Each structure stands twice: as structure tokens, then as C-alpha cells.
Enquirer: 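I have a structure I would like to understand better, so I am pasting it below and will then ask my questions one at a time.
All of these numbers come straight from a predicted model, not from anything done at the bench. Letters go in sequence order (proteins before strands), and every chain restarts at 1.
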Amino acid sequence: MTVRTRFAPSPTGYMHIGGMRTALFNWLFARHNNGQFILRIDDTDQQRNVEEALGPILQAFRWLGLDWDEGPEVGGDHGPYFQSQRGELYHQALDDLLLKGKAYRDFDPPDVVKADREAAEKEKRNYMNIRRSLELSDEDIQRNLETDVPYVIRLFVPRDEKVAINDAVRGEVEWDCSLIPDPVIMRSNGSPLYNFASVIDDAQLKITHIIRAEEHLSNAPIQVLLFGALGYEQPQFAHIPFITAPGSNKKLSKRDLQKLRNNPAMRKMFQVADNILPRLGLEVGESVNPITVEYYERLGFLSEAIFNALSRLGWSLDDKTENMSRETVIENFTLERVIKSPAGLDPEKLMSYQEHWMGQKSLEEKVTGVLPCLQRAELISDSLSDDDLSYVGRVIVALDDRLKTFSDILQFDDFFMSDDDLQFDEKAIQKRLIKPDDALPLLKKLREKLATVESFDAVTTEAMLHQFIEEEEIKVGQIIHALRVAVSGKSTGPGMFDCLELLGRERCLARMDRAIGIAESASAS
RNA sequence: GGCCCCAUCGUCUAGUCAGGCCUAGGACACCGGACUUUCGAUCCGGUAACGGGGGUUCAAAUCCCCCUGGGGUCACCA
């Protein structure tokens, strides 16, 4: 039998990282078993524009490299793949259940049901719905229908039975039906509820394995009952652990976005977003934040890294392998190696995957990755000459592994700013140019020497600087920090002489003049 | 509260089903050292865990029971 798995996102306008991980496991299981992965869209009661809200979600799938065999854009033999278009199928199933007596119309108005529930709560007993409508005669029911008395349809739960699943990750889990109230499967307005629609869809789409997050475990008994009542075979369930916020064991939720900001492990991710996103013309919000996939794409993370990190949330290959390619994960992914306990998202671990995969990238790939960031931040023009490209390449070579995400290039914007626009870090100027008494005189002397050095390549300037140090009888540290601040505006950066060579003589001298001017006027006042 | 799930270093996890190879392995983080003009990187080294209590057994992280702790879910949401 062909393995078929699915993921059923609601068109919300963003892809949650936890949902992405669930989708990934479904996709991996399908790919590992040469099966099919289906995307189905849960767009019942959607007010917003579905197509627009679906865009970022499909984009997240494409970015991560998760292709789907059936679903939006690609179609398939089991469609439609939008729940909103499957209404007819739900009603056929409903009629079937009603006919077989497996479901019934409940004419109790909502306030009566609510009162029942409150009464049970008050008496501290378990609420079970009172099946008053089951007492109705056929004539009563007929009359109710003719006079349009509103009703919902409930599944008739056989209270003397037990339901069980053999979960692929959790093993045998059993529920006592005597504790399960009859669930509503169709609203009074005629629309189906999730638990019901989902079962119909899964059955009709011939889904063999339902892989979903643990929070759905309590939906399982009802769905199992539904599969049985409809005469469908029960699919294999696999309830994978949900993802928790760093240092917590609570489910990572979009509702706790503000709380996450204060989470020590997440703080850095938000700070990066606050600093970088505006420069890219974006801002932190519902759709772009550390728990959405778009955040990582926008900030120039590698999809290989996110794929790797997501794979490791609740799954491992063995006792030591951490860095895995898509192929390796597909080849080795089994539900057997999915863990039961919650999986915590660790931004630092994620970053270590990112560093690993960035290290695998060629210079060309890095240039390509960095360009959109530079262009969006208007640090480089949209029409690039070969010289521009090779300059970006040389900067990246100098940056070496300081470039961890593509957007990190913005931290080294001094290579791309004009000499007049360059911002000097005030603290750095203070510490390196103003505070040491000898800094300014030395820097001025060095400036004159640099102006006359015959070539401005890294080797020559380095040799020159060492000669300068000997002549002045100083240590490297007494001049090089001042030089760095003067030339880049910052106190840290790539190798000093690489920086000089990249910028070239004219730009270095111009920047040194500006820095000297700033420092002098600051110390004068 | 009912039902259900879970429990190994600070974190993610290997080991649990088929008890001994576990003086509990790896990774991230952290601490120290080396290198270094800064930052970063790299290389060496180090600290650090089986929630508690009972069993079973020659032997328990692993099997059984109880306790404790944490979590999920209880809609005419998905």
C-alpha cells in the first residue's frame, strides 16, 4: 500500500515554525517510504482572502524544499483540496451516518446544553450530554424539520465501548467511551466541524498515516469512532511531541509572542529582527517573527539549516550525528526514532546548524544570498556591474565565517557606505582616538605614511605598519585599534589589512581625515 | 477537576521495547588554555544528568507498583 501523508494548514497568512515541523515529519515519512505527501487547505470559516493568506505558507514550503504531490497549484486525483469546496462530500457522509443511526439530530438549543454542562460542573460530576432528542418520535422530528427548528448533528458515541489507537510513537492509548460526550459534527448552520471534516477528508484522500502534534491526541478517540462509523479503515496515528519555547515546557504558541520577547534565549532573535528587518523594509509582526518560517528566510538563514534544525526537534538519527543534509534525513527518517517528550526550540543550536551549512556554501552562493539584503537596504544599486559583484565577493572573503546569515552583511555596512555617510561609533572613537593621548598624533603620522605607500595591498600595508611600529617604538595595539575605528567606524571587524585593501587608499584616507576631525572637535569641546 | 501524555547534563538528545558492553555517549551553551591587531573562527582540555520511594533480579537509566513534578485537552475553534 502506498504511504500517503498530509498536512492541512489554515490560510492564516504566515507559517508557524511548529506547524512547519509537523509538515516536515509528514513529508519526510512520505519521502522515506516512496509515498505521497498531500497538502489540503482548511479554509472553512475563512473571512480573509484565502489566496493571499495562503501565499506565505506555500512559499515556506517551497523555501524549505518540501514539495507536495497533490494539493493547491498541482491538483491531483482526490480533490478538491480546499475544504470549502468539499461541502457536498460532508453532507453525503452525514446522511449516511444519520441513516445508519450512528449520528442524530439534536434539537436542544445551545442555552439548554450550556445549562446541562454548568449543572454537571456544579455537582462536580463529569458532563455527559443528555440525549433528549433521541426520545423524540419520528413525527416530532418530522414536525421540527418542517418548522425549521434549528438543530446540530451529533455523533452517537457507544458508551459501553472503549476506543484505542496503536500510536506509532506512543504505543497503545485507550479511552473509555462512557466518558466521551457525543460530539457535534455539524453546526446548526450546516457546516461541518473540524473533527468530522478532517476524518472524511483523510479517508477520501486515502491518507494512511496521520502524523500530527501531540495536542491532537485527545481528538483521536472521536476520530477513530468516526472512521469506524463511516466504515473506513483506521489510519495509522503518530502523535509527535509539540515544540516548546526555550527553557520552558509549554507549547510554543503565537499567542505568547510578547512573552517570548522576554525569554532570555529568544531575546537575541527579536533584537536581530528589530535591528535588521526595518532596514529590509519589514517589521516584526504576526507574519515575521522568530516563530514563523518567513523570519528565517528574510534574515538570510539557509533553508538547509532550518530543515536540519526542524528535523532534530523530536527526532534523531543516532547518538552523534547532528548535521544532516535533506538526503540523509530522508534516507534515515522513521517514526520509531521520534521521541515522546516535548522538543524545545533552541535558538543557539539552530544557529550552530546555520553556521555549519553556511560553511558549506561557495563564494558564488554567498554573493547571491547577500545581494537581496544589500539591495533592500539600499547599500548597493539594483543594476550591478562585474566590478560591484567582485567587490561584494572580496568583502565576503574578508568576512570569512563572520557571515553567519546573509543579513549579517548589514553589520558590515561600512564596506558599502560612502565615506561621507559612514557613521562612527561614538564609544569607539572615545576609547580608541580620544582617551589614549598618543592616539591622534600617531594616527596622523600613519595617515601621511599611508598616503605615500607605493601599493595599497594587504601585504604592503601590513609591512608598512610593522615598520611604523618599530620607528615609533610602540606596540601594535597602540595604533591598530585607532586605525580600525578611523577606517570602519567600528571597533571590530575583519582583518585590518584586508579592510584597508578592500576600501583602497583614497577611501581610507578620507575616512581617517573625518575621524581625526571628529575626535579633535570632540576633545576640544 | 475529568481524561490523556511525558520525565536522562543548563539545553537538545543517545541509551529504555529485546536488563549486563553505561565508571551514562554526542551536540549546543558554559568555563579554562592555545592562536590572534579587534571581533569571529579554529584546536586542545574541563564542569555537568538517570525526579523520589518501593519492589523483581546475580545485575535496573532500562521491567513492575506508588508518589512527585511538568504538560496537553476538555466548544456549534482548528
Enquirer: So Pro494(A), base contact, sugar-phosphate only, or nothing? Heavy-atom distance under 4.0 Å.
Expert: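 Here Pro494(A) touches the bases of the nucleic acid.
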Enquirer: So does Asp106(A) get a backbone contact from the side chain of Arg154(A), meaning a donor-acceptor N/O pair under 3.5 Å?
Expert: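 Here the side-chain-to-backbone pair does not exist.
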Enquirer: Could you tell me how far A34(B) sits from A24(B) if I compare only their P atoms? Round to whole Å.
Expert: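 Per the computed distance, 30 Å lies between those P atoms.
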Enquirer: Could you check whether the rings of His216(A) and Tyr194(A) sit parallel, tilted or perpendicular, using 30° and 60° as the cut-offs?
Expert: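 Tilted.
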Enquirer: By the 4.0 Å heavy-atom rule, please label Lys250(A) as base, sugar-phosphate, or nothing.
Expert: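 If one applies the 4.0 Å heavy-atom cut-off, Lys250(A) turns out to touch the sugar-phosphate alone, with no base involved.
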Enquirer: Check every strand shown and say whether Asn219(A) touches a base, only sugar-phosphate, or nothing at a heavy-atom separation below 4.0 Å.
Expert: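 Counting heavy atoms under 4.0 Å across all strands, the contact made by Asn219(A) includes a base.
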Enquirer: Base, sugar-phosphate alone, or nothing: which one does Lys475(A) contact when heavy atoms must sit under 4.0 Å apart?
Expert: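 If one applies the 4.0 Å heavy-atom cut-off, Lys475(A) turns out to touch nothing in the nucleic acid.
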Enquirer: Would you mind classifying the nucleic acid contact of Ile339(A) as base, sugar-phosphate or nothing, using non-hydrogen atoms under 4.0 angstrom?
Expert: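 Sugar-phosphate only.
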Enquirer: Looking at the base of C39(B), is there any donor atom on it, or on the side chain of Arg402(A), that sits under 3.5 Å from an acceptor on the other one?
Expert: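 Under the 3.5 Å cut-off, the side chain and the base do form a donor-acceptor pair.
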Enquirer: Go through the N and O atoms of the side chain of Glu322(A) and the base of G26(B), and report whether any donor-acceptor pair is under 3.5 Å.
Expert: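 Side chain to base: pair found, below 3.5 Å.
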Enquirer: Going by modelled atom types, is there a donor-acceptor pair between the base of C76(B) and the side chain of Ser188(A) at under 3.5 Å?
Expert: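 Counting by modelled atom types and ignoring angles, a donor-acceptor contact under 3.5 Å is found here.
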Enquirer: Is Lys320(A) near enough to U13(B) that one of its side-chain N or O atoms lies under 4.0 angstrom from OP1 or OP2?
Expert: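 Checking Lys320(A) against U13(B): no side-chain N or O falls below 4.0 Å of OP1 or OP2.
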Enquirer: So which nucleotide does C3(B) pair with, by the Watson-Crick or G-U wobble rule with both distances under 3.5 Å?
Expert: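 Pairing partner: G72(B).
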Enquirer: Looking for any heavy atom pair under 4.0 Å, which part of the strands does Arg117(A) touch: base, sugar-phosphate only, or nothing?
Expert: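 Sugar-phosphate contact only.
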